[in-house]
Amino acid sequence: MNLKSEISLIVSRAIESAVGDGLLADPCETVERKVEYPREQKFGDYAVPFALESAKILRKSPMEIGGVLAKYMEADRKIASVDVVKPGFINIFISREFLFENLIRVIRERESYGRASREWPRKINLEFVSANPTGPLNIVSARAAAVGDTIANMLEFAGDIVDREFYVNDYGNQVLLLGKSVLARIRELRGEKCEFPEEGYHGEYVREIAAHIAEHEAGEMSRIGGEETLVEFVAKKAVEYNVAGQKKDLEGFNVSFKTWFSEKTLHEKGAVTGMLDRMKSSNSVYTSEGKVFFRSTDFNDDKDRVLMRDDGRPTYFLADIAYHQDKIDRGYDLIVDIWGPDHHGHITRLAGAMKAIGFDEKNLKILIAQQVNLMMEGETVKMSKRLGQFSTMRDLLEEIGTDVARYFFVMRSLESHLDFDLTLAKKESSENPVFYLQYAHARICSLFREAEKRGVAYDQERAFREHLDNEESLVLMKHLARFPEEVADAANTFEPHRITTFLMKVAQAFHKFYTEHRIITEDHERTVAYLALSDATRVVMSNGLRLLGVSAPEQM
RNA sequence: GCGCCAGUAGCUCAGUGGAUAGAGCAACGGCCUUCUAAGCCGUGGGUCGCAGGUUCGAUCCCUGCCUGGCGCGCCA
């Protein structure tokens, strides 16, 4: 259990005891046992607003309530002291003994420090990126990839089982149009006359796909008779080519999916039409003008949505419902989708449909990764390949590398529109926040190289606590103790940017400690104590960076 | 017109129903004969978009408005 949860438990027990001793009326469950971080360090390490929030119900002043609870709470050895101040805050100071014990624990647990286990882990399906297989991945996909993978990492670290999934929309008009476009380019390559399809894919990459298919599939193509079959064949090959490219780009970005789920297979095995039948029995479906509608207006949508067109072709929406049913059938407790900003309008209707077929909507979580603006020298960069400016994820990675890209995508909250400052991202200097974190890690590694060179015997069991009784060490130890709860909070709220914010604080606390205290000295006991603190910091930095998918270099 | 996201320091953004609203970058001024100065310390800078409301208390919750972005297909 992490420290914050333990504090919460201590508060609950204090309330229970006070009620038992007749000093407090029973608040039951009316007021949450919240634990917060005080605005300022001098107020303490944790603050509990319970007294303020329960004053009305308990018919006592917040100060009185706080006074009663403080006595009970101080008995816990994790707590050094409890202050009840002004309006009625209960401010808690963590004991140095606990901080020191935790320090040793960090070093012992290393890679697993901060990892939580659950008695009943949730089986979670996290679907993200899911870009159309009609071309290379763009910048928004890159953001979704970074954020999605980090969320998956956090959830796993917090004790859940997470499967990463990519939904491949390899069915329907878009794919057909891609096939036609590629086929046209192939014919062009061969010097044949042909018309380029209206509204086809004009991107330069289509020529690359055409060249690739023309080279590798010429034999197969020549055996195919009939334009339609040929288009289908080319489309299939083009999709394979694009998916392979997307997979490769994502792997270069440290993101790998357990499942690449083909939409086409849903149609082929009849799951889509099967879902239509199921929907029809739900009471929320009606037929009009030969089309089948879902009455999504019953679920807060602004209009009803078509499931089946009058020509008998299912809509994407129907397939999407079937797809989510498939996830349910695969036994997931929680289904999480990360969508692009252009899909936010679909949330209501999908949630409605899921509800209509009897799925508990709290087990479906849809996150929207907001748009990304590339900025350069303070100007918005138009993402246009024709202008010689890059627009793909691959271009971006070639420009700034995986570490910087992942960090920048994750450092802002998901629902914020992200201004991606390329000028800053490209700087390999202190101005770039990624390096600030990595530098802290590298600096510690360097310390240990130096210690080894000087023959210092580092044995954490001989790290004496009295040497860590200074401001900088204490602040640092407190941050280290917070790591498990920061991960848990970030995972529970699906907010990976909390990790970057937290790691900044750890790095800051370490740099400060490093500047104020010389670590390797003639005083062996102190040296070992300082090395232990540095070692523990290294563990937290490394574990945190691992969650972000950012490397923790040993030297810079 | 409707919907979603956002409006906090010069810029990019954190943040919380409560205690003097923070960080990074930018600006300015200090700190390396000793473990990595990709660092540390300090200074300046804010009517938390506007107006109401709920509350003992609102930057945070509610309503209205303004501004910016995106979306509003029987495409996927």
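Only this structure's heavy atoms are used, side chains among them; waters, hydrogens and symmetry mates stay out. Naming: A, B, ... by sequence-line order, numbering from 1 per chain.
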Out of G71(B), G39(B), U12(B), which has the shortest distance to the side chain of His511(A)? G39(B)
Hydrogens and angles aside, do Asp337(A) and Tyr167(A) bring a side-chain donor and acceptor to less than 3.5 Å of each other? no
What is the distance from CG of Leu52(A) to P of A19(B), rounded to the nearest Å? 11 Å
Inter-nucleotide C1' distance (C61(B), U43(B)), Å rounded: 37 Å
Ser296(A) side chain near Thr348(A) side chain, heavy-atom distance below 4.5 Å: no
Pairing partner of G7(B), by Watson-Crick or G-U wobble and under 3.5 Å for both distances, is C66(B)
Between OH of Tyr201(A) and OG1 of Thr134(A), what distance do you get to the nearest 0.5 Å? 4.0 Å
Given A38(B), C75(B), A19(B), identify the nucleotide with an atom nearest to the side chain of Pro38(A). A19(B)
Could you state the atom-to-atom distance from CG of Asp421(A) to C1' of A23(B) in whole Å? 16 Å
What is the distance, rounded to the nearest whole Å, between atom CD of Glu415(A) and atom C1' of G69(B)? 15 Å
Between Arg454(A) (CZ) and U34(B) (P), how many Å, whole number? 12 Å
RNA chain B nearest-nucleotide lookup for Ser416(A) and Asn132(A): closer to the 5′ end is Ser416(A)
Does Lys512(A) make a side-chain N or O approach to OP1 or OP2 of C41(B) shorter than 4.0 Å? yes
Applying the Watson-Crick and G-U wobble criteria at under 3.5 Å, what pairs with A23(B)? Answer none if nothing qualifies. U12(B)
Expressed in whole Å, how much space separates the C1' atoms belonging to C60(B) and G53(B)? 15 Å
Taking a pair to mean Watson-Crick or G-U wobble geometry with both distances below 3.5 Å, C31(B) pairs with G39(B)
So, is Gln371(A) close to the C4(B) phosphate, meaning a side-chain N or O under 4.0 Å from OP1 or OP2? no
Phosphate contact (C75(B) OP1 or OP2) by Thr315(A) side-chain N/O below 4.0 Å: no
Between the base of A19(B) and the ring of Phe89(A) - centre-to-centre under 5.5 Å, planes within under 30° - is that a stack? yes
Ile520(A) side chain: which of C40(B), C35(B), A14(B) is closest? C35(B)
Tell me if the side-chain of His346(A) makes a donor-acceptor pair with the base of A76(B), cut-off 3.5 Å, by modelled atom types. yes
For RNA chain B, what residues of residues 490-500 of chain A have any heavy atom nearer than 4.0 Å? His497(A)
Is there a donor and acceptor pair closer than 3.5 Å between the side chain of Asn91(A) and the base of A19(B)? yes
Nearest heavy-atom neighbours spanning Leu468(A) and Ala529(A): CD2-O, 3.8 Å
Could you check whether any side-chain heavy atom of Ile65(A) comes within less than 4.5 Å of a side-chain heavy atom of Ser54(A), counting everything from C-beta outward? yes
For the side chain of Glu263(A), starting at C-beta, report the closest nucleotide among A19(B), C35(B), A76(B). A76(B)
Using a distance-only criterion (donor-acceptor N/O pair, under 3.5 Å, no hydrogens), is the base of G3(B) paired with the side chain of His344(A)? yes
Looking at side-chain heavy atoms only, is the closest gap between Phe93(A) and Asp83(A) below 4.5 Å? yes
Do the side chains of Asn169(A) and Tyr316(A) get nearer than 4.5 Å, heavy atoms only? yes
Taken to the nearest whole Å, CD/Glu554(A) to C1'/A38(B) is 17 Å
Going by ring centres under 5.5 Å and near-parallel planes (under 30°), is Tyr436(A) stacked on G24(B)? no
Do the side-chain N or O atoms of Arg309(A) get closer than 4.0 angstrom to the phosphate oxygens (OP1, OP2) of C75(B)? yes
Judged by nearest nucleotide, the residue sitting upstream toward the 5' end of RNA chain B, Ala47(A) or Met504(A), is Ala47(A)
Spacing between Arg143(A) atom CZ and C5(B) atom C1', to the nearest angstrom: 11 Å
Nucleotide G3(B), atom C1' - distance to CD of Gln370(A) in whole Å: 12 Å
Is His417(A) side chain donor-acceptor paired with the C5(B) base, going by distance under 3.5 Å alone? yes
Sugar-phosphate, base or nothing in reach of Pro49(A), heavy atoms under 4.0 Å: nothing
Checking base pairs now: Watson-Crick or wobble, both atom distances under 3.5 Å. What partners A58(B)? none
Please state whether the rings of Phe510(A) and Tyr514(A) are parallel, tilted or perpendicular, taking 30° and 60° as the class boundaries. tilted
Under 3.5 Å on both distances, the Watson-Crick or G-U partner of C2(B): G71(B)
Measure from the side-chain heavy atoms of Arg313(A) and tell me the nearest of A38(B), C75(B), C35(B). C75(B)
Does a side-chain N or O from Tyr37(A) land closer than 4.0 Å to OP1 or OP2 of G22(B), or not? no
Taking the side chain of Gln508(A) as its heavy atoms from C-beta onward, which of G39(B), G73(B), C40(B) lies nearest to it? C40(B)
With a 4.5 Å limit on heavy-atom distance, are the side chains of Leu503(A) and Leu548(A) in contact? yes
Arg518(A) CZ to A37(B) P, straight-line distance once rounded to whole Å: 10 Å
If we take the C1' atom in both G49(B) and A19(B), what is their distance in whole Å? 26 Å
Please give the nucleotide sitting opposite G45(B) as a Watson-Crick or G-U wobble pair, both distances under 3.5 Å, or none. none
For Phe166(A) and Phe257(A), take the angle between the two ring planes, folded into 0 to 90°, and tell me which bin it lands in: parallel under 30, tilted 30 to 60, perpendicular over 60. perpendicular
Less than 4.0 angstrom between a side-chain N/O of Ser534(A) and OP1 or OP2 of C35(B), yes or no? no
